[in-house]
S.K.: 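Mind looking over this structure? Questions follow.
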Amino acid sequence: RVFFYLVYKRKMKFDIITLFPDYFSSPLNESLVKKAIVNKILDITTYDLRNYSKLPHKQVDDSPYGGGAGMILKPDILTKAVKATKKTGSLVILPDPSGKKFDQDLANKLSTKEHLIFVCGRYEGVDQRFREKYVDLEISLGDYVLGGGEAATLVILETIARLIPGVIGNTESLENESFSQSDSKLLEYPQYTRPEIFEDLKVPEILLSGNHQKIKKWRIQQAIEKTKRLRPDLLP
């Protein structure tokens, strides 16, 4: 008797609103992300913000009320773009230095969503009223400022995408990565491959022993030591 099993493959949709759609052309056509798009696990679409402007020269920004340097993206045009892509259950994300700091826990939570809309800011930012009415989550990569939200969107997107079932072939590799251990926040232990000796540096003997129980203990200890040395703030 032959049994057939159907494997459910969830598709996750990403929409990106940006002034520079071509910024994403190469990254989205490489490596695991491209394979996931081809295999219909990821659905990623970019939208040119200028297409939603009826102003002369497709203007999307204006000077700030009260004076000041730079230009602000207009709330009405941003809103048109978001409404054109938003559906029930969509989550609108604005990459911004003042947002919630991005980490693996947040990536895990976002990977359970079906539809994420990224709004890529530029210039001096976006109108506060748009933030308040249409942005669900502001995310910061760290305490620094980029030229726009495109680079941050790519980082966030790839971090989330690799957590979607089917994007990475061997899901076991996700379990031992830095920040991913279920019972800790240890950095990943050191990894080695052939050749056994490289520039007088030899692979640790324990990894050649074949004793998987001892290897597991060694890796845990190495992860603890690495975390103490590089990221002691992660330890209790």
S.K.: What do the steps show when you test V135 against F130 for side-chain contact (heavy atoms from CB on, under 4.5 Å), and what is the final call?
M.R.: CA-CA 7 Å; V135 174; F130 171 76; 3.6 Å; yes
S.K.: If you group Ile, Leu, Val, Met, Phe, Trp and Tyr by side-chain heavy-atom gaps below 4.5 Å, do L137 and V92 land in one group?
M.R.: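 Result: yes, single cluster for both.
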S.K.: For V126 versus I72, what's the shortest heavy-atom pair and its separation?
M.R.: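 Nearest pair, atom of V126 first, then I72: C-CG2, 3.6 Å.
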S.K.: Do other residues, nucleotides or ligands put more than 12 heavy atoms under 6.0 Å from K35 NZ?
M.R.: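 Atom NZ in K35 is not crowded, with 12 or fewer foreign heavy atoms closer than 6.0 Å.
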S.K.: Work out which heavy atom in I215 is nearest to a heavy atom in G210; give both atom names and the distance.
M.R.: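 Looks like CD1-N, 4.4 Å.
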S.K.: Check step by step if salt bridge (Lys or Arg N to Asp or Glu O under 4.0 Å) holds for D61 and R122.
M.R.: CA-CA 9 Å; D61 58 348; R122 276 280 163 175; over 6 Å; no
S.K.: I'd like to check the salt bridge (Lys or Arg N to Asp or Glu O under 4.0 Å) partners of E30; sequence neighbours left out, ordered by chain and number.
M.R.: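 Scan of E30 (salt bridge (Lys or Arg N to Asp or Glu O under 4.0 Å), adjacent residues dropped) gives none.
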S.K.: For K58, I'd like to know if atom NZ has over 12 heavy atoms of other residues, nucleotides or ligands within 6.0 Å.
M.R.: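 Counting other residues, nucleotides and ligands, NZ of K58 exceeds 12 neighbours.
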S.K.: Would one find more than 12 heavy atoms of other residues, nucleotides or ligands at under 6.0 Å from atom CD of Q222?
M.R.: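 Enclosed.
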S.K.: So which heavy atom on D136 is nearest to which on S90, and how close?
M.R.: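 Shortest heavy-atom contact: OD2-O, 3.8 Å.
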S.K.: Is it true that, when you exclude Q128 itself, more than 12 heavy atoms of the residues, nucleotides or ligands shown sit nearer than 6.0 Å to its CD?
M.R.: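 Above 12, so yes.
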S.K.: Mind listing the closest non-hydrogen atom pair of T159 and A107 along with its distance?
M.R.: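 The answer is CG2-CB, 3.7 Å.
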S.K.: Look at atom CG of D143 and say whether more than 12 heavy atoms of other residues, nucleotides or ligands are closer to it than 6.0 Å.
M.R.: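 Count not over threshold, so no.
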S.K.: Carefully, step by step, assess K101 and D103 under the rule salt bridge (Lys or Arg N to Asp or Glu O under 4.0 Å).
M.R.: CA-CA 7 Å; K101 190 173 181 180; D103 58 19; over 6 Å; no
S.K.: Check the pair R50 / D48 against salt bridge (Lys or Arg N to Asp or Glu O under 4.0 Å), numbers first and verdict last.
M.R.: CA-CA 5 Å; R50 294 191 187 279; D48 189 338; 5.2 Å; no
S.K.: What are the two closest non-hydrogen atoms of P95 and A152, and how far apart are they?
M.R.: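 That would be CB-CB, 3.8 Å.
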S.K.: Within the 4.5 Å heavy-atom criterion, are P27 and V33 side-chain neighbours or not?
M.R.: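 Side-chain contact under 4.5 Å: no.
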S.K.: Give a yes or no on this: more than 12 heavy atoms of other residues, nucleotides or ligands lie within 6.0 Å of atom NZ of K202.
M.R.: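 Check passes, neighbour count above 12.
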S.K.: Side-chain contact, heavy-atom cut-off 4.5 Å: W218 with P204?
M.R.: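 Side-chain contact under 4.5 Å: yes.
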S.K.: Crowded around F198 CZ? As in, over 12 foreign heavy atoms under 6.0 Å?
M.R.: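 Atom CZ in F198 is not crowded, with 12 or fewer foreign heavy atoms closer than 6.0 Å.
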S.K.: Is it true that, when you exclude K80 itself, more than 12 heavy atoms of the residues, nucleotides or ligands shown sit nearer than 6.0 Å to its NZ?
M.R.: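 Counting neighbours around NZ of K80, more than 12 heavy atoms of other residues, nucleotides or ligands fall under 6.0 Å, so yes.
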S.K.: Walk me through it: do L55 and K74 pass the test side-chain contact (heavy atoms from CB on, under 4.5 Å)?
M.R.: CA-CA 11 Å; L55 297 173; K74 294 168 62 62; 3.7 Å; yes
S.K.: Do L187 and L230 make a side-chain contact, defined as non-hydrogen atoms from C-beta onward lying under 4.5 Å apart?
M.R.: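 Yes, their side chains come closer than 4.5 Å.
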S.K.: Over 60° means perpendicular and under 30° means parallel, so tell me whether F14 and F118 are parallel, tilted or perpendicular.
M.R.: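 Parallel.
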S.K.: Could you walk me through whether I41 and M12 pass the side-chain contact (heavy atoms from CB on, under 4.5 Å) check?
M.R.: CA-CA 6 Å; I41 301 172; M12 186 168 186; over 6 Å; no
S.K.: Which heavy atom in H115 sits nearest to a heavy atom in T85, and how many Å separate them?
M.R.: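 In this case the closest contact between H115 and T85 is CE1-O, 3.2 Å.
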S.K.: Which is it for E138 and R131 under the salt bridge (Lys or Arg N to Asp or Glu O under 4.0 Å) test, yes or no, and what are the steps along the way?
M.R.: CA-CA 9 Å; E138 297 183 30; R131 293 176 188 257; 2.8 Å; yes
S.K.: List the residues meeting side chain to side chain donor-acceptor pair (under 3.5 Å) with T18, not counting sequence neighbours, and say none if there are none.
M.R.: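 With neighbours one apart ignored, the set is E150.
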